[in-house]
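Residues: numbered from 1 along the sequence shown.
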Amino acid sequence: MKFLAQVAVTAVAVWITSLLPLDLEVSGGEAEWWTRALAYLGIGAVIVLLNKIIKPILSVLALPITVLTLGLFALVISWFILWLTAWLSSFIDFMTLSVGGFWQTLLAAIVIGITSAIMGAIVGANRD
């Protein structure tokens with residue numbers, strides 16, 4: 001149940017971020033409103049899975065450079081997770097995440113992270 005709540009919160013965060021001028025676009029599911037919602041939920045599921053599987057490994061491997069940059073390299077890891085989500089979604093037919101350049105994608109990753117944290121705290125998706 002916690003995973004589904006995190007997917008829903010992340011999907012809403014991606015939707016909010018796609019409304020901003022950050023070159024983040026989710027395509028797929030244009031026929032009906034529920035197919036569009038499924039596309040956002042699919043992107044949210046990919047982001048949550050990558051955050052649970054790949055991000056801890058990358059964080060441990062990049063620990064020395066993260067310490068040297070006083071934690072700023074964690075933003076680059078978040079950017080990479082969002083870029084990897086866009087790359088993986090290009091192989092799926094019903095949903096595609098398109099990202100812009102490095103700086104716009106970095107800002108989009110920051111907005112998604114902040115929005116997910118706030119909504120997750122409100123909904124209770126991040127509780128142990």
Can you list the other members of the hydrophobic cluster that holds V60, where links are side-chain heavy atoms under 4.5 angstrom apart?
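Traced through the cluster, V60 reaches no other member.
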
Linking I/L/V/M/F/W/Y whenever their side-chain heavy atoms sit closer than 4.5 Å, directly or via other members, would [X] and [Y] fall into one cluster?
{"X": "V76", "Y": "I65", "result": "yes"}
{"X": "I57", "Y": "W83", "result": "no"}
{"X": "I16", "Y": "L107", "result": "no"}
{"X": "V9", "Y": "L19", "result": "yes"}
{"X": "L97", "Y": "F94", "result": "yes"}

At their closest point, which heavy atom of [X] faces which heavy atom of [Y], and how far apart are they?
{"X": "Y40", "Y": "A11", "answer": "O-CB, 3.4 Å"}
{"X": "T66", "Y": "A74", "answer": "CG2-N, 4.4 Å"}
{"X": "G100", "Y": "T105", "answer": "O-OG1, 3.3 Å"}
{"X": "A39", "Y": "G28", "answer": "CB-O, 3.7 Å"}
{"X": "L24", "Y": "V14", "answer": "CD2-O, 4.2 Å"}
{"X": "A62", "Y": "I77", "answer": "CB-CD1, 4.0 Å"}

Please work out which of the three classes, parallel, tilted or perpendicular, describes the rings of F91 and W87, given edges at 30° and 60°.
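W87 and F91: perpendicular rings.
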
Distance in Å, [X] [atom1] paired with [Y] [atom2], rounded so as to fall on 0.5 Å steps:
{"X": "L20", "Y": "S18", "atom1": "CG", "atom2": "OG", "value": "8.0 Å"}
{"X": "L68", "Y": "F73", "atom1": "CG", "atom2": "CZ", "value": "11.0 Å"}
{"X": "D23", "Y": "E25", "atom1": "CG", "atom2": "CD", "value": "8.5 Å"}
{"X": "I47", "Y": "L82", "atom1": "CD1", "atom2": "CG", "value": "5.5 Å"}
{"X": "M119", "Y": "I114", "atom1": "CE", "atom2": "CD1", "value": "12.5 Å"}
{"X": "L88", "Y": "I43", "atom1": "CG", "atom2": "CD1", "value": "9.5 Å"}

Mind running side-chain contact (heavy atoms from CB on, under 4.5 Å) on M95 and V46 for me, showing each step along the way?
CA-CA 11 Å; M95 64 178 187; V46 172; 3.9 Å; yes

Check against side-chain contact (heavy atoms from CB on, under 4.5 Å), V26 and W15:
CA-CA 8 Å; V26 176; W15 174 67; over 6 Å; no

Taking side chain to side chain donor-acceptor pair (under 3.5 Å) as the test, write out the residues that go with S78, two or more places apart.
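Expected list: K55.
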
Using only atom types and a distance under 3.5 Å, with no angle test, would you say the side chain of T10 pairs donor to acceptor with the backbone of V7?
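No, because the side chain of T10 does not come within donor-acceptor range (under 3.5 Å) of the backbone of V7.
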
Please answer whether the main-chain N or O of E32 pairs with a side-chain N or O of T35 as donor and acceptor at a distance below 3.5 Å.
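Side chain of T35 to backbone of E32: a pair is present.
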
Could you work out, with ring pair (Phe, Tyr, Trp, His ring centres under 6.0 Å) as the rule, every residue matching F102, not counting sequence neighbours?
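Testing F102 for ring pair (Phe, Tyr, Trp, His ring centres under 6.0 Å), a comparison that skips the adjacent residues, returns W79.
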
